[in-house]
Number of protein chains: 2
Amino acid sequence: MQRSTTPVEQTDPQVGLAVSTVIFTLRADDGFGATDPQPGIWLPLVRRIREPYDGLWALPGGPLGAAESLADAASSTLETTTSLRPRYLEQLYAFGDLDRSPAERVVSIVYWALVGSDEAKRTRLGQNVRWFPADALPPLAFDHRDIVEYALWRLRNKLEYSHIAHAFLGETFTLSELREVHEAVLQKQLDPANFRRQVESSGLVLQTDELRTGGRHRPARLYRWTQPVTRPETPSPGRSTSRRPTTSTPTTRQQSEEPA
Amino acid sequence: MQRSTTPVEQTDPQVGLAVSTVIFTLRADDGFGATDPQPGIWLPLVRRIREPYDGLWALPGGPLGAAESLADAASSTLETTTSLRPRYLEQLYAFGDLDRSPAERVVSIVYWALVGSDEAKRTRLGQNVRWFPADALPPLAFDHRDIVEYALWRLRNKLEYSHIAHAFLGETFTLSELREVHEAVLQKQLDPANFRRQVESSGLVLQTDELRTGGRHRPARLYRWTQPVTRPETPSPGRSTSRRPTTSTPTTRQQSEEPA
DNA sequence: CCAAAAGTGTTCAACGTACACCCATGT
DNA sequence: ACATGGGTGTACGTTGAACACTTTTGG
């Protein structure tokens, strides 16, 4: 007798199914009003008010409702916790080790999300919710520390071949502003000249005819994204790198323009 | 009142949790004894024997047992279906749309796996299990067609920066054999000369002092992998690209698994 | 005028690709 | 001898990093 095929009857009732979300934003202050020179990645955590791990901080999340999709659950967690709507949302991974939670068996499907810097700053949080800098997290409950690390890795990775930086900026932005986002996320300095050329030739961004004045230097041209926000809620192979092979290979089939 | 933090109480009992596996192997025959010139990707499917989708083919899988980890569930599905052990196993994605299954609500955590070509050939399958070429699948139940497409994309993607081709080859192999694997998976011809150099400089592979004779041509040197099998069962950021930066900063650019 | 960021140009090394060519074996 | 794949050499175009240099504003 072999196992039956996938969607099937009902699961063992002992296995709980939860959805959690790692929410990122970019902030330039230190949380007390002082302004850092470089912005950094921040994320909201929820203080647990029961066992296990009572008192520790944890990722916002909760059980999956029977009538909500996975992304909806992640999104609604986010809104309930921060009163914000995600500008980007993507599934991260399903964590299901047997010993994640001391007593019960819980599988957590984790999403990661980006929210706007400006909006995040204005938000008032509940009593048991606080923003923390990603590089100075308190002790976390469960395996949430690993989850955050993995989400950070994914964020940094993704930044390099997509326009998720969109989520941190307004409708229009200067290339310096965009570069600062990249520098904050990747935590390294980028050559302004090379960065400019890379972005301009990526096709993700479009010149406007406006300038941003005000700095005590030459005004900077404003740009806008060519496409609206990315919401990869269905994992589709297409990566739309918009690259065309210069010389060769009519590789028969629609050789997907995949990344790695 | 806000949603509580992650691993938590119990889920709505209406939501089922299943684990399915997309199993790939490489075969050179057409299923009837004739030998194709180029091997292709094949995968086993299970014929459903009940509603919904009775009679259609589906991915092997089943409900998650309370005492098994996600990877164990995927692995055991694989063994039950094909009597094989996976040489590679990785989580693909969690599919949880509301309308995946007509009546009930089921979330499927899907894994993808590779099994050895030689082993797969020797295996006898049960009555309701059959291998199909990935490019000629029958109509599939549920959203399994999309899932397979996504898994294929991931396989092709991953082939280029890891040594998962390991799974299709023996302990030692010639560079031609390795190239044939790549050509079969990527479905395009590769320049033997350039392929050789790329692989040799990748550090993933090591020369032996043995040769493979027998062809009516110059004997080919045998190689072996520098590392054993990859089993990324914890999604760790480190990709171990083992690349040495020639001049400047260790910019270890790596590509992410997962979609656009 | 000076500081500072915006924006352009140039050089160089690394890398992928195409392709010519030699090597060693079985028949 | 010759066909066939194993294996080496090389030239060229693209890309990315480094960095010199010009431009335009505010003070």
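Letters A, B, ... mirror the listed sequences (proteins, then strands); counts begin at 1.
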- request: Examine the base of C:dG9 for any acceptor or donor lying under 3.5 Å from a partner atom in the side chain of A:R197, and report the outcome as yes or no.
  value: yes

- line: Output for pair (B:L137 CG, B:L43 CG), nearest 0.5 Å, gives 5.5 Å

message: Can you measure A:L211 atom CG to C:dG7 atom C1' for me and round it to whole angstrom units?
response: 12 Å

message: What is the distance, to the nearest angstrom, from the NE2 atom on B:H182 to the C1' atom on C:dT17?
response: 17 Å

- request: Please state how far atom CZ in B:R196 lies from atom P in D:dG9, giving the value in whole angstrom units.
  value: 11 Å

- prompt: Could A:R85 and A:E119 be called an ion pair, given the rule that one side-chain N must be under 4.0 Å from one carboxylate O?
  reply: no

message: Measuring only between side-chain heavy atoms, which start at C-beta, is A:L186 closer than 4.5 Å to A:E160?
response: yes

- request: Taking only heavy atoms on the protein side, list every residue of residues 213-226 of chain B lying under 4.0 Å from any atom of DNA chain D, sorted numerically.
  value: B:R216, B:H217, B:R218, B:P219, B:A220, B:R221

- prompt: Does OP1 or OP2 of D:dG6 have a side-chain N or O of B:R179 closer than 4.0 Å?
  reply: yes

- prompt: Taking the six-membered ring for Trp, are B:W57 and B:F132 parallel (under 30°), tilted (30 to 60°) or perpendicular (over 60°)?
  reply: perpendicular

- prompt: For A:Q198 and D:dA17, is the shortest distance between a side-chain N/O and OP1 or OP2 below 4.0 Å?
  reply: yes

- request: Could you state the atom-to-atom distance from CD of B:E200 to C1' of C:dC15 in whole Å?
  value: 16 Å

message: If I take atom CZ in residue B:F195 and atom P in nucleotide D:dG6, what distance separates them, rounded to the nearest angstrom?
response: 12 Å

field: Rounded interatomic separation in angstrom, taking CG from B:N194 and C1' from C:dA20
entry: 13 Å

- request: Report the distance from atom CD of A:Q189 to atom C1' of D:dA18, rounded to the nearest whole Å.
  value: 15 Å

Pair A:H166-A:Y88, ring-ring contact (aromatic ring centres under 6.0 Å, His included): steps then yes or no: CA-CA 9 Å; A:H166 193 143; A:Y88 182 81; over 10 Å; no

message: Distance check needed: D:dA18 P versus A:L190 CG, whole Å only.
response: 10 Å

- request: Describe the nucleic acid contact of A:S176 in one word from base, sugar-phosphate, nothing, applying a heavy-atom distance below 4.0 Å.
  value: sugar-phosphate

message: Walk me through whether B:W112 and B:Y150 qualify under ring-ring contact (aromatic ring centres under 6.0 Å, His included).
response: CA-CA 10 Å; B:W112 64 284; B:Y150 184 41; 9.9 Å; no

task: Would you check if the distance from the ring center of A:F24 to the ring center of A:W42 is below 6.0 Å?
output: no

